[in-house]
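Report on one structure; see the data block that follows.
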Protein chains: 2
Amino acid sequence: MTVTIKDVAKAASVAPSTVSRVISDSPRISDRTKDKVREAMKQLGYHPNFNARSLANQTTKTIGVIMPNSANKTFQNPFFPEVIRGISTKAHQLEYGLYLSTGQSDEEIFEEVQHMVQGKRVDGIILLYSKVNDKVMKYLHEQNFPFTLIGRPYDETVRGVSYVNNDNFKAAKTVTEYLLLLGHKRIAFVGGNLDYVVTIDHMEGYRRALNNAGIEVCDDYIVFHEELQEGGQEAVIDLMSLSERPTALIVADDIMTFGVMRMLSEMEVNVPDDISIISFNNVMISELSAPPMTTVDINIYSLGYEAANLLIDKILHPNIEARKILIPHKMIKRQTCRRLVESAKKTV
Amino acid sequence: MTVTIKDVAKAASVAPSTVSRVISDSPRISDRTKDKVREAMKQLGYHPNFNARSLANQTTKTIGVIMPNSANKTFQNPFFPEVIRGISTKAHQLEYGLYLSTGQSDEEIFEEVQHMVQGKRVDGIILLYSKVNDKVMKYLHEQNFPFTLIGRPYDETVRGVSYVNNDNFKAAKTVTEYLLLLGHKRIAFVGGNLDYVVTIDHMEGYRRALNNAGIEVCDDYIVFHEELQEGGQEAVIDLMSLSERPTALIVADDIMTFGVMRMLSEMEVNVPDDISIISFNNVMISELSAPPMTTVDINIYSLGYEAANLLIDKILHPNIEARKILIPHKMIKRQTCRRLVESAKKTV
DNA sequence: AAAGTATGTGAAACCCTTTACAATAGAACG
DNA sequence: CGTTCTATTGTAAAGGGTTTCACATACTTT
């Protein structure tokens with residue numbers, strides 16, 4: 001049926017091992033023989049069998065990409081195609097393939113990871129999320145299996161975890177300071193799922209900035225929501241029902257901001273005249289909102305690219321020590337923030 | 001090092017073949033033996049080696065997913081995570097894994113597909129796009145390798161291609177008719193890349209509706225753009241520069257519509273008062289535009305789900321004949337279309 | 001008691017490559 | 001001319017399973 005190395009060997013009247021060596025371009029084979037074998041390979045249309053190769057080599061040249069639980073809509077966030085594009089680019093350069101997780105629940109995902117690892121289906125794994133107390137991460141760490149995190153481990157004292165992250169604490173702090181400088185005092189924080197480390201870092205940055213400015217953190221101004229659009233919308237309802245409405249919002253994610261802005265517009269609250277908004281990620285469409293949103297570009301593509309780089313490095317040099325990469329972020333000022341004029345909003 | 005089937009066999013004092021039979025739950029093994037072997041597997045923490053299995057079985061339980069050329073931004077369209085979610089769900093149900101293409105250019109992708117197929121890395125392939133004269137499709141067809149298309153082959157006379165598609169012709173026709181009923185006569189069409197079959201189908205539907213209504217199709221009203229946001233923006237510039245501006249726009253994709261609406265808002269052209277818009281896909285955020293957009297829901301998730309279903313069927317029953325599945329679409333009326341009042345726009 | 005039939009198990013071949021080791025031939029050397 | 005190198009190629013085992021075939025039981029049947 002299929003053309004194997006033996007067929008090529010026969011056709012070129014050499015031993016299978018010779019063919020194998022020609023494939024890996026071993027210097028121990030004479031040029032004459034190489035030519036002869038290559039000719040035969042072309043004639044017969046030979047392609048190496050991937051599985052046999054992996055088996056003999058104990059290496060798959062494949063990296064496993066673990067997406068978060070896809071039950072909720074988080075998944076539709078353009079964040080994912082973009083990280084994957086980054087991962088994909090680097091992987092392709094180094095001739096690695098990508099194997100995607102398909103599990104829907106945390107439990108399913110965990111099982112899948114076990115299979116990937118124990119079944120030697122991939123050489124390493126990239127986790128596209130960082131959760132607090134993540135079973136998957138714990139497992140990979142225990143198994144001493146090559147992996148990198150996008151984000152950071154919740155407990156940074158855990159040694160030996162490579163990750164690539166933004167300085168989310170700093171980004172959130174800066175963003176809050178920016179709003180403070182614009183004269184805002186009642187700044188609310190609309191976070192994502194609290195199980196994710198990024199949410200915690202954002203919140204800490206926000207708190208710190210407020211503390212530094214001597215402003216008391218008001219619990220009513222801090223809300224969390226898992227779902228992207230719906231979450232954004234519910235957050236707005238909660239916040240706008242307060243007797244003292246916030247004058248500015250820090251929102252965890254651009255997509256959530258779309259939800260927020262939609263709801264605000266239904267309530268006829270004008271952005272940025274009545275309320276300022278700043279969010280995170282700068283996905284492609286965030287410049288297309290009405291008005292275009294001010295957000296923090298976190299360089300999603302690089303996050304993926306560097307994660308792949310780190311991982312493959314680890315695969316190739318297992319004894320290399322863990323590295324942490326910080327991808328720079330950058331505030332992109334567009335049109336959802338405005339300076340608060342002193343007297344103005346005194347009348348609530 | 002790793003626990004193999006032989007270790008299990010020894011521990012349970014049976015032959016390796018017996019262990020193998022237990023794994024595949026063969027009816028020829030007594031329950032007592034099965035229990036004994038399973039106990040041993042658990043004790044030793046045995047997991048079957050995937051590559052060895054694939055090699056012996058000649059089957060990988062993996063399906064290859066080919067994304068379009070990721071050089072341009074098309075990729076960031078939330079369409080992709082959503083189809084993949086559909087594919088992923090079905091694949092997971094039937095215990096198939098997903099292997100993703102990483103090539104950036106058409107040429108790279110083609111090579112990759114060749115490797116996947118010849119190297120027996122996957123059991124079947126799903127093409128996430130349908131292009132005119134697609135080399136990849138041609139190749140898969142020639143090789144008689146199991147694959148399904150999302151979209152449809154340009155040349156439908158090619159026998160034996162399974163695909164899942166929307167009736168894009170009909171959707172575009174309906175949408176055009178809808179605008180006609182609202183009193184629009186100057187309806188423009190902003191299409192995607194003309195290499196994609198979907199673009200052609202949309203255009204044909206549009207033309208047909210106009211013809212049926214006895215309205216001459218004006219070439220100036222038909223524009224195409226590859227890029228999503230930029231494309232949308234450029235299209236608007238072109239159309240709004242015409243002496244007779246269109247009163248309604250049919251846009252190929254929701255993301256593009258975001259670009260269109262952004263540009264329109266910069267020009268201070270009001271949607272829907274000055275111009276009506278209707279587009280396709282209904283991705284998650286399309287309800288979050290300002291105003292929320294009227295669009296055609298094409299059920300992206302099902303597209304993926306059914307494609308996986310079709311493919312796996314084909315893999316399992318190679319002699320089954322090719323099937324075509326049409327996923328129903330549905331117009332979602334939101335707020336970007338309005339009735340044209342007779343007298344109104346006469347003054348251009 | 002002999003023959004026939006399930007049922008359970010083991011040995012060995014096979015899937016395709018890689019690789020350690022062996023073998024051969026020709027070149028260089030004394 | 002015999003010996004030692006060196007360059008090149010071959011042989012066989014390993015990598016971890018699956019599958020076929022044949023054999024050994026135990027149980028019916030006549």
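Chain letters run A, B, ... following the sequence lines, proteins first and then strands; every chain starts at 1.
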Check: Taking CG from B/Asp7 and C1' from D/dG17, how many angstroms apart are they, rounded to a whole number?
Finding: 13 Å
Note to self: If you go through the side-chain atoms of B/Arg21, does one of them form a donor-acceptor pair with the base of D/dT20 closer than 3.5 Å?
What the structure shows: yes
Margin query: Distance check needed: D/dT8 C1' versus A/Asp35 CG, whole Å only.
Written below: 15 Å
Check: Can you check whether A/Ala9's main-chain N or O pairs, donor with acceptor, with A/Ser13's side chain at less than 3.5 Å?
Finding: no
Item checked: Integer-rounded Å distance: C/dT9 P and B/Asp31 CG -> 11 Å
Item checked: Side-chain donor/acceptor contact of B/Ser17 with base of C/dG10 under 3.5 Å -> yes
Notebook entry, point to check: A/Arg53 near the nucleic acid: base, sugar-phosphate alone, or nothing, with a heavy-atom cut-off under 4.0 Å?
Noted result: sugar-phosphate
Item checked: B/Ser13 or B/Ala52, whichever maps to the more 5' nucleotide of DNA chain C -> B/Ser13
Margin query: For a quick check, tell me whether the side chain of A/Thr4 and the base of C/dT17 share a donor-acceptor pair closer than 3.5 Å.
Written below: no
Note to self: Could you check whether A/Lys36 pairs with A/Glu39 (Lys NZ or Arg NE/NH1/NH2 to Asp/Glu carboxylate O, under 4.0 Å)?
What the structure shows: no
Next item on the list: Report yes if the side chains of A/Leu100 and B/Ile84 come closer than 4.5 Å at any heavy-atom pair, otherwise no.
Entry: yes
Next item on the list: May I ask you to say what B/Val19 touches in the nucleic acid, namely base, sugar-phosphate or nothing, with a heavy-atom cut-off under 4.0 Å?
Entry: nothing
Check: Does B/Ser26 reach the main-chain N or O of B/Val22 with its side chain, forming a donor-acceptor pair under 3.5 Å?
Finding: no
Margin query: Over all strands shown, is B/Tyr46 touching base, sugar-phosphate only, or nothing at heavy-atom distances under 4.0 angstrom?
Written below: sugar-phosphate
Notebook entry, point to check: So what does B/Ser24 hit on the nucleic acid, given a heavy-atom distance under 4.0 Å: a base, only sugar-phosphate, or nothing?
Noted result: nothing
Next item on the list: Consider the side chain of A/Gln58, meaning its heavy atoms from C-beta on, and name the nucleotide among C/dT9, D/dG15, C/dT17 that approaches it most closely.
Entry: D/dG15
Notebook entry, point to check: Out of D/dT9, D/dT18, C/dC16, which nucleotide sits closest to the side chain of B/Ile5?
Noted result: D/dT18
Notebook entry, point to check: If only atom types and distance count, is the side chain of A/Thr33 paired as donor or acceptor with the main-chain N or O of A/Asp31 below 3.5 Å?
Noted result: no
Notebook entry, point to check: With a non-hydrogen cut-off below 4.0 angstrom, is A/Ser20 in contact with a base, only sugar-phosphate, or nothing?
Noted result: base
Notebook entry, point to check: How long is the line joining CG of A/Asn49 and C1' of C/dC14, in whole Å?
Noted result: 13 Å
Notebook entry, point to check: Would one find a side-chain N or O of B/Asn57 under 4.0 angstrom from OP1 or OP2 of D/dT19?
Noted result: yes
Checklist line | Whole-Å distance separating the CG atom of B/Leu55 from the P atom of C/dT17 | finding: 9 Å
Item checked: Interatomic distance, B/Lys6 NZ vs C/dA12 P [rounded to whole Å] -> 13 Å
Notebook entry, point to check: From the list C/dG10, C/dC16, D/dG16, which nucleotide is the closest neighbour of the side chain of A/Thr2?
Noted result: C/dC16
Check: For A/Thr18 and D/dT9, is the shortest distance between a side-chain N/O and OP1 or OP2 below 4.0 Å?
Finding: no
Notebook entry, point to check: Whole Å only: how far is the NZ atom of B/Lys34 from the P atom of C/dT7?
Noted result: 13 Å
Check: Relative to B/Tyr163, does B/Arg152 satisfy both conditions: NZ or CZ under 6.0 angstrom from the six-membered ring centre, and within 45 degrees of the ring's axis?
Finding: no
Next item on the list: Whole angstrom is fine here: how far is it from CZ in A/Arg28 over to P in C/dC21?
Entry: 12 Å
Margin query: Under 4.0 Å, heavy atoms only, any strand: does B/Pro16 hit a base, just the sugar-phosphate, or nothing?
Written below: nothing
Note to self: Please classify the nucleic acid contact of A/Ser54 as base, sugar-phosphate, or nothing, using heavy-atom distances under 4.0 Å.
What the structure shows: nothing
